[in-house]
Structures are given as C-alpha cells and as structure tokens.
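Structure record follows, encoded as structure tokens.
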Amino acid sequence: MISAQLVREHPEEVRRSLERRRADAPLDLAVEQERGRREILAELEELRAGRNEAGRRIGRAESDEERQRLIAEQRATAERIDELEASLRDAEAALDATLGEIPNVVGAETPDGDDEDANVVVRTHGEARAFDFEPSPHWELGERLGIIDVERAAAMSGSRMYMLRGAGARLQRALIGWFLDSHHASGYEECYVPAMVREEAMRASGQLPKFRDNLYRDDEEDYWFVPTAEVPLTNLHADQILDAEALPLRYAAHTPCFRREKTSAGRDVRGIKRVHQFEKVEMYQFTAPEDSGDALAEMLAQAESLLQQLGLHHRVLQICSGDLGFNAAVSYDLEVWAPGAREWLEVSSVSNCTDFQARRANVRYRAADKRGARFVHTLNGSGLALPRTLAALLEQGQQSDGSVVLPEVIRERVGFGVIEPAG
RNA sequence: GGAGGGGUGGCCGAGUGGAUUAUGGCGGCGGUCUUGAAAACCGUUAGGCGCGCAAGUGUCUCGGGGGUUCGAAUCCCUCCCCCUCCGCCA
C-alpha cells in the first residue's frame with residue numbers, strides 16, 4: 001500500500017508511476033477521500049476535546065444538580081460524536097480500499113516499457129547446448145524415466161497436479177536441502193513456517209484483497225493456503241518496531257505453494273511449469289530504506305549463484321515498468337533455458353518492494369539515535385522454484401540414450417549422478 | 001471436543017464507571033555526587049493520526065473489533081491469543 005501522505009503531498013509522483021506501469025488506478029478518488037477524511041477528523045477531534053473537558057468537570061462537580069446540568073449539556077455532543085465516528089470509520093475504510101488499488105511507485109532504475117516484451121536481458125550465462133538429437137520436453141522425459149507422473153496425480157487430484165517418484169522425488173528433496181544450506185551459508189536464517197495463514201496475514205503481505213482469485217482457502221475456518229513463503233515471512237515481523245542494529249534481517253524458507261491459476265486457464269497445461277501445488281525455497285529481507293538497493297543486488301546474485309553452480313544456461317531479465325508486479329518497485333527475473341520445450345522458464349523473481357509491503361504489514365524500525373519509527377523496506381526472491389528448475393535440469397541434462405546427467409554439485413547429496421531410463 | 005483461569009507500557013505488576021495527563025517497581029537514557037565506578041538522589045522513558053513554519057497543541061491506543069454511558073482499562077457482545085485440567089491424537 002502506498003501512503004496516504006504521498007497521495008496528498010505528491011499525487012503527481014503517483015500519477016507518473018501509473019503512467020509508467022500503463023495502469024489505471026483510482027488516484028483522484030484517493031486524493032478526494034483523503035481530504036474528506038481529514039475534514040471529518042478535524043471536527044471530531046474538536047468535539048472530543050470538548051467532551052474530555054466536560055468529563056473532567058462532571059467528575060469534579062460539587063452538587064448533584066450541577067452534575068445533572070452538565071450531563072444534559074453533553075447529550076447533543078455525544079450524538080454528534082457518534083455520527084462523526086461512524087463517518088470516519090466509513091471514510092477510512094473507503095480510503096484504505098482505494099489505496100489498496102494503487103500499485104507501488106515504480107523505482108527510478110526500472111526501465112520503461114509496455115509489457116514483458118520490453119523486459120531487458122541484463123546478462124546471459126552459458127550457452128544453449130548443441131544437441132546431436134532432438135531434445136525432449138521434460139514431460140516426455142519425466143514419463144519415460146518414470147520420475148514425473150502426471151496421470152496418477154490427475155486421477156486423484158485433477159489437472160495441474162503432478163507427482164514425483166523415485167529419482168525425481170529424491171532429486172527435488174536434494175535440491176531443496178542444497179538451496180537452504182546455500183542460503184544459510186550466505187547469512188539467511190532458515191525458517192520452517194505455516195503454510196496456512198489467517199486472512200489478516202494475507203492482507204498484511206498484500207495477497208488480499210487484490211489477488212483473492214489465485215488463493216485457496218479452507219471452507220469452514222479462517223485458513224488460507226500460502227501461494228509463496230513470502231506471506232509467512234512478511235508476517236514474521238508484522239506490527240513490530242525493529243532495532244536499526246538488527247537490520248538487515250534475512251530469512252529463507254521452503255514451503256509448498258498453492259495457486260489456483262484461474263486467470264491463466266488453458267496456459268502452460270503441459271508438464272509441470274504451471275501447477276496448483278509446488279515447492280519453492282524463498283529468500284526474504286527486511287532492510288533500512290537506504291540499504292534495499294544493495295540488498296536487491298545481493299539477493300539476485302544469491303539466486304543466480306545457484307543456477308551457475310548447477311551449470312544451467314540461464315538469463316537475467318530486468319522487468320520493465322509495464323510488466324512490474326503490483327508490490328514491486330524494482331524486479332529481476334531469472335529464466336532457465338528448456339531446450340526440449342524450447343522456451344525460457346522463470347525460476348526466480350527477485351523484487352524490492354520498498355516500503356509498500358512493510359506499510360501493509362506495519363513493520364517499522366527505529367534508529368538508536370533518532371526519534372520516531374520508519375517503515376523498513378522488504379525484498380523477496382525465489383531461490384528457487386522447484387518444478388521449473390527440475391524441468392530445466394532434465395531437459396538440459398538429457399542424453400541420446402534417454403538418461404539424464406546431473407550437475408556435479410548435487411550428485412553427492414542426491415546419491416547418484418545419472419537418472420537412467422526405467423526398466 | 002469439554003471445563004476453568006488469564007491478556008495493562010521494553011519487562012514485572014496495581015487499578016473493577018469520573019481527581020488516571022494509566023499507581024509502584026525493574027530495566028534503559030541523562031544528570032548530581034565521585035579520581036573513576038558503585039550506591040544514593042533527581043530527571044526522563046511508546047506509537048498512530050490531525051492542526052501548526054516552528055515551539056507546540058489536540059485526539060486515539062490497556063489483546064483486536066463492536067456496543068452501553070454525558071464519560072470505559074473498568075460494564076456488555078464478539079473474535080484472537082496464552083495457561084491449567086479432562087478427552088482424543090502423529
């Protein structure tokens with residue numbers, strides 16, 4: 001959520017940001033609602049001050065008659081205060097809802113552009129391997145090797161579900177452990193977190209109300225299934241004031257991620273690229289505002305190093321203004337090459353959300369020598385999403401004999417170096 | 001699932017309708033004293049929103065929300081969390 005203060009004092013800055021995003025949002029309405037809220041507040045506070053003063057006099061009243069007279073005087077005021085309090089509640093709720101429709105202010109370093117075609121390839125690592133045979137897509141490889149079973153998963157759970165078996169399941173588990181160990185070694189505190197959270201927590205991280213359509217929830221109780229570990233990690237410090245010396249706080253967590261994918265019906269239905277349930281390791285940081293730029297670069301490098309060590313051909317994209325996520329001011333995507341499917345797969349998105357998410361979650365910090373509390377900056381980055389990483393490993397590592405050779409770095413951990421075709 | 005007890009400032013803890021601008025203690029910070037420190041004593045000790053150039057000033061916050069009342073930490077409703085006991089359970 002952007003601040004009401006920004007809307008009031010620098011609406012032109014927000015307007016420019018919306019133009020850069022090629023997005024429409026009710027900025028003018030927010031400006032108007034913000035002004036209306038203040039008008040109500042001014043009258044209300046004046047009446048409250050009068051009431052408090054009258055209360056003191058009533059308490060000190062020497063005779064019962066005087067007390068009754070003073071009380072009678074207050075009746076009309078009390079009614080007006082009730083009215084104004086109701087108006088204020090409505091006005092604040094309306095303003096909050098309107099502000100909730102406005103995306104984060106685009107970062108200065110984010111390149112301008114209409115849509116994903118304008119994203120900038122910052123760098124590419126490795127080269128597409130030359131095959132002396134026709135490389136297969138991962139869904140064919142997975143089935144042939146007996147390690148991805150879409151059919152049996154669909155039988156029990158429907159489309160966009162999959163299961164891993166044998167070497168596939170073992171490889172995924174090894175990767176998750178290795179990712180977490182890498183982040184731990186780089187100073188990220190490993191966390192095991194709830195994958196089900198309250199509605200309030202979904203609001204704090206900004207999933208609600210805007211992205212309701214993509215979330216699963218329990219039918220009877222107030223539990224929502226997280227679409228990413230970003231949700232619980234954001235909430236880790238919700239409503240707290242942190243010590244400046246404690247920043248940056250860096251966390252990593254592995255969770256299942258649940259997504260309805262309602263808005264992408266029909267897209268990416270083959271394979272395990274877009275599914276309702278998948279595993280992901282997520283990195284997260286809370287930083288002082290002045291440090292979030294460096295933290296973004298560090299987090300991006302951390303995610304990239306995993307792909308480099310895995311020897312996967314990949315590229316780094318800087319997301320342009322028109323393709324930027326709602327919460328983000330600056331984002332980079334990491335895409336790995338899938339030679340069988342002949343497409344780039346997004347395995348990580350690393351974003352600086354500045355104070356946008358921190359304001360919703362109410363995460364602040366206080367510098368030792370300064371008064372007051374300011375919102376922290378939050379950053380999140382996948383490190384990494386498992387199904388697509390797995391798909392790229394299979395497609396890039398496939399051999400003419402149908403086997404898949406695994407990268408050196410993961411062999412000891414997974415316990416084998418080659419996945420052989422099933423008998 | 002059943003029965004009961006709780007939630008007050010950084011921490012502990014008093015307060016059960018008005019003089020509370022939340023008693024008191026601990027901790028933190030500043031000061032007096034001291035060669036220095038301790039002790040003692042004195043002072044200070046949050047956040048949000050509004051008005052104001054500022055100094056200030058008003059208002060809200062006693063787990064969250066709503067209500068009763070001229071007035072709520074205090075009474076009522078509701079939700080959340082913690083603790084004890086019983087049942088069930090990996």
Side-chain angles (χ1 to χ4, degrees), chain A residues 1-9 30-100 192-205 208-209 217-218 220-224 231-232 235-247 286 355-356 358-376:
Chain A
M1 182 161 73
I2 64 170
S3 77
Q5 190 186 340
L6 181 65
V7 164
R8 181 169 91 216
E9 293 175 0
V31 171
E32 191 183 312
Q33 287 173 328
E34 199 285 323
R35 193 186 309 123
R37 181 191 69 97
R38 257 182 307 144
E39 280 169 14
I40 296 166
L41 192 60
E43 186 183 351
L44 177 60
E45 290 197 352
E46 200 175 314
L47 290 177
R48 277 173 171 167
R51 179 185 70 186
N52 289 342
E53 172 54 29
R56 281 187 284 271
R57 284 205 308 267
I58 290 169
R60 275 189 254 109
E62 299 197 349
S63 70
D64 211 46
E65 288 148 31
E66 190 190 351
R67 177 167 316 204
Q68 289 310 315
R69 189 179 56 76
L70 289 168
I71 287 172
E73 264 179 29
Q74 285 307 306
R75 289 230 160 82
T77 306
E79 250 172 64
R80 181 64 183 149
I81 285 176
D82 277 349
E83 283 171 25
L84 286 171
E85 282 180 343
S87 304
L88 185 66
R89 263 200 300 278
D90 292 347
E92 286 182 338
L95 175 60
D96 195 60
T98 306
L99 289 176
Y192 169 77
V193 295
M196 291 151 66
V197 300
R198 286 218 184 85
E199 178 176 342
E200 212 33 60
M202 283 291 185
R203 289 186 180 282
S205 61
L208 285 175
R217 65 177 185 280
D218 183 276
E220 296 181 333
E221 296 185 76
D222 184 20
Y223 283 125
W224 297 70
V231 175
N235 278 275
L236 185 51
H237 293 297
D239 295 317
Q240 290 186 348
I241 299 176
L242 306 166
D243 286 334
E245 298 80 53
L247 301 177
F286 298 87
D355 61 358
F356 191 80
R359 185 171 295 106
R360 264 229 178 280
N362 194 25
V363 184
R364 291 170 293 170
Y365 78 104
R366 185 177 11 234
D369 54 337
K370 285 180 184 158
R371 295 210 331 254
R374 299 166 67 199
F375 289 109
V376 298

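Below, read A as the first sequence line, B as the second, and so on, with proteins coming before strands; counting in each chain starts at 1.
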- prompt: Can you check the A/Glu85 CD to B/G71 C1' distance for me, whole Å?
  reply: 12 Å
Donor-acceptor pairs under 3.5 Å, side chain of residues 197-204 of chain A to any protein atom, not counting sequence neighbours: which ones?
from, atom 1, to, atom 2, distance (Å)
A/Glu199, OE2, A/Arg203, NE, 3.3
A/Glu199, OE2, A/Arg203, NH2, 3.0

query: How far does the P atom of B/C76 sit from the matching atom of B/G13, given to the nearest Å?
result: 24 Å
- prompt: Does A/Gln240 CD have over 12 foreign heavy atoms under 6.0 Å away?
  reply: yes
task: Measure from the side-chain N and O atoms of A/Asn235 to the backbone N and O of A/Val231, and report whether any donor-acceptor pair falls under 3.5 Å.
output: yes
field: Interatomic distance, A/Arg89 CZ vs B/G65 P [rounded to whole Å]
entry: 11 Å
message: Are there runs of at least three consecutive Watson-Crick or G-U pairs touching RNA chain B, with each pair's two distances under 3.5 angstrom? Give them by first number.
response: B:1-7 with B:80-86, B:10-12 with B:24-26, B:27-32 with B:40-45, B:46-51 with B:56-61, B:63-67 with B:75-79
A/Asp82 CG to B/U68 P, straight-line distance once rounded to whole Å: 7 Å
query: For A/Glu9, does the CD atom sit with more than 12 other heavy atoms under 6.0 Å from it, leaving out its own atoms?
result: yes
- request: Please work out if A/Ile58 contacts a base, only the sugar-phosphate, or nothing of the nucleic acid, heavy-atom cut-off 4.0 Å.
  value: base
- request: Would you please confirm or rule out a distance under 4.0 Å between OP1 or OP2 of B/G18 and any side-chain N or O of A/Arg57?
  value: no
- prompt: When you match A/Arg67 and A/Glu45 each to their closest nucleotide on RNA chain B, which lands nearer the 5' end?
  reply: A/Arg67
message: Rounded to whole Å, how long is the line connecting atom CZ of A/Phe375 with atom P of B/G47?
response: 13 Å
- prompt: Heavy-atom distance under 4.5 Å between the side chains of A/Arg80 and A/Thr77, does that happen here?
  reply: no
query: Which part of the nucleic acid does A/Arg69 contact within heavy-atom distance under 4.0 Å: base, sugar-phosphate only, or nothing?
result: nothing
task: Please determine if a side-chain N or O atom of A/Arg51 lies less than 4.0 Å away from the OP1 or OP2 oxygen of B/C60.
output: yes
Residue pair A/Leu99 / A/Glu34, side-chain heavy-atom distance below 4.5 Å: no
- prompt: Can you check whether A/Asn52 has a side-chain N or O nearer than 4.0 Å to OP1 or OP2 of B/G71?
  reply: no
- line: Rounded to the nearest 0.5 Å, the CG atom of A/Leu208 sits from the CZ atom of A/Arg360 at a distance of 9.0 Å
query: When rounded to the nearest Å, what value does the distance between C1' atoms of B/G10 and B/G71 take?
result: 31 Å
message: Rounding to an integer number of angstrom, what distance separates B/C81 and B/C62 when you compare their C1' atoms?
response: 16 Å
- prompt: Start at the 5' end of RNA chain B and walk down; is the nucleotide closest to A/Ala78 or to A/Leu44 reached first?
  reply: A/Leu44
Distance between C1' atoms of B/G7 and B/U61 (Å, rounded): 16 Å
- prompt: With sugar-phosphate meaning primed atoms plus P, OP1 and OP2, does A/Ala49 contact a base, only sugar-phosphate, or nothing at under 4.0 Å between heavy atoms?
  reply: sugar-phosphate
- request: Give a yes or no on this: more than 12 heavy atoms of other residues, nucleotides or ligands lie within 6.0 Å of atom CD of A/Glu53.
  value: yes
Pairs: protein N or O with nucleotides 51-56 of chain B N or O, under 3.5 Å:
from, atom 1, to, atom 2, distance (Å)
B/C51, OP1, A/Arg38, NH1, 3.0

field: Verdict with reasoning, A/Arg69 to A/Glu73, per salt bridge (Lys or Arg N to Asp or Glu O under 4.0 Å)
entry: CA-CA 6 Å; A/Arg69 189 179 56 76; A/Glu73 264 179 29; 3.1 Å; yes
- prompt: Can you tell me if the side-chain N/O atoms of A/Arg366 get under 4.0 Å from OP1 or OP2 in B/G47?
  reply: yes
P atoms of B/A73 and B/C80, separation to the nearest Å: 24 Å
- request: Calculate the interatomic distance between A/Leu88 atom CG and B/G48 atom P; express it in whole Å.
  value: 18 Å
- request: Report the distance from atom CD of A/Glu245 to atom CZ of A/Arg366, rounding to the nearest 0.5 Å.
  value: 10.5 Å
message: If I take atom CZ in residue A/Arg203 and atom C1' in nucleotide B/G65, what distance separates them, rounded to the nearest angstrom?
response: 14 Å
Distance between P atoms of B/G58 and B/G1 (Å, rounded): 49 Å
- prompt: If the P atom of B/G4 is compared with that of B/A19, how far apart are they to the nearest Å?
  reply: 34 Å
statement: Separation of B/U68 atom C1' from A/Arg75 atom CZ, nearest Å, is 13 Å
query: Measuring from A/Arg38:CZ to A/Leu41:CG, what's the distance to the nearest 0.5 Å?
result: 9.5 Å
field: For atom CD of A/Gln74 and atom P of B/A72, their distance in whole Å
entry: 12 Å
query: Looking only at atom C1', what distance separates B/U68 and B/U78, rounded to whole Å?
result: 15 Å
message: Using a 4.0 Å heavy-atom cut-off, does A/Arg198 contact any base of the nucleic acid, only the sugar-phosphate backbone, or nothing at all?
response: sugar-phosphate
